[in-house]
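Predicted, not measured: the structure shown is a model, and the values here were computed from it. Throughout, residue positions are numbered sequentially from 1 according to the sequence presented.
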Amino acid sequence: MRASIPEPKVGDLIEIFRPFYRHWAIYVGDGYVVHLAPPSEMVGAGAASIMSTLTEKAVVKKELLDDVVGRDRYQVNNKHDDKYSPLPPSKIVQRAEQLVGQELPYSLPCENCEHFVNELRYGVARSDQVRDAVVAAGIAGVGLAAVGLIGVMFSRNKRQKQ
């Protein structure tokens with residue numbers, strides 16, 4: 001049984017902590033969320049929904065929050081409210097409900113579940129997970145390049161001394 005967490009408000013972004021990534025949904029009331037998931041994903045897939053990152057299509061689903069979360073943790077995370085004005089809750093729900101059942105393109109870098117819910121709440125499709133991964137990859141790349149350059153310089157210096 002999950003610890004008592006207050007029910008989210010209509011239009012809230014729900015961040016679900018999967019083992020290797022964050023899944024996102026939007027709360028539409030009465031215990032339900034709307035989210036973007038692969039067509040084959042079963043309710044309560046939990047960590048198995050990693051398959052969503054390997055597909056080119058996704059379906060907009062309306063399911064019970066508890067079923068979507070499964071055994072994972074979640075939190076309300078309206079993290080961009082300071083940058084963007086959220087749309088009115090009724091408009092968010094209306095937009096979300098109109099999309100339920102539709103198959104949409106899915107792309108990890110530019111059309112994922114986080115882009116989807118931010119578009120519904122703010123009218124701005126963005127994914128911090130993708131941005132953070134790109135930044136981390138860039139930093140790692142710069143670090144590897146620096147190590148490689150130091151190695152080349154050290155090797156060259158060693159040869160010159162011989």
>> Using only atom types and a distance under 3.5 Å, with no angle test, would you say the side chain of Asp12 pairs donor to acceptor with the backbone of Lys9?
In response: yes

> Which of these, Asn77, Val76, Asn78, Val117, sits in a side chain to side chain contact (heavy atoms under 4.5 Å, CB included) with Glu15?
Replying inline: Asn77

> Between Phe116 and Val34, is a side chain to side chain contact (heavy atoms under 4.5 Å, CB included) present by the stated rule, with each step listed?
Replying inline: CA-CA 10 Å; Phe116 176 75; Val34 170; 4.1 Å; yes

> Of all heavy-atom pairs between Phe17 and Asp72, which one has the smallest distance, and what is that distance?
Replying inline: O-CB, 3.3 Å

>> I'd like to check His80 versus Arg121 (side-chain heavy atoms, cut-off strictly below 4.5 Å). Are they in contact?
In response: no

> Between Leu104 and Glu111, is a side chain to side chain contact (heavy atoms under 4.5 Å, CB included) present by the stated rule, with each step listed?
Replying inline: CA-CA 9 Å; Leu104 300 176; Glu111 294 174 305; over 6 Å; no

> Where do Glu114 and Ser127 come nearest, in terms of heavy atoms and distance?
Replying inline: OE1-OG, 2.8 Å

> Can you name the residues that form a side chain to side chain donor-acceptor pair (under 3.5 Å) with Glu119, not counting sequence neighbours?
Replying inline: Arg95

> In terms of hydrophobic clustering (I, L, V, M, F, W, Y; side-chain heavy atoms under 4.5 Å; direct or indirect links), are Leu36 and Val93 co-clustered?
Replying inline: yes

> Relative to the ring of His35, is the ring of His23 parallel (under 30°), tilted (30 to 60°) or perpendicular (over 60°)?
Replying inline: perpendicular

>> Applying a strict under-4.5 Å side-chain criterion to I, L, V, M, F, W and Y, I'd like to know whether Trp24 and Val60 cluster together.
In response: yes

> Is the backbone of Val69 close enough, under 3.5 Å, to the side chain of Arg18 for a donor and an acceptor to pair up by distance?
Replying inline: yes

> Given Leu13 and Tyr122, is the side chain to side chain contact (heavy atoms under 4.5 Å, CB included) satisfied, shown in steps?
Replying inline: CA-CA 10 Å; Leu13 298 181; Tyr122 305 111; 3.9 Å; yes

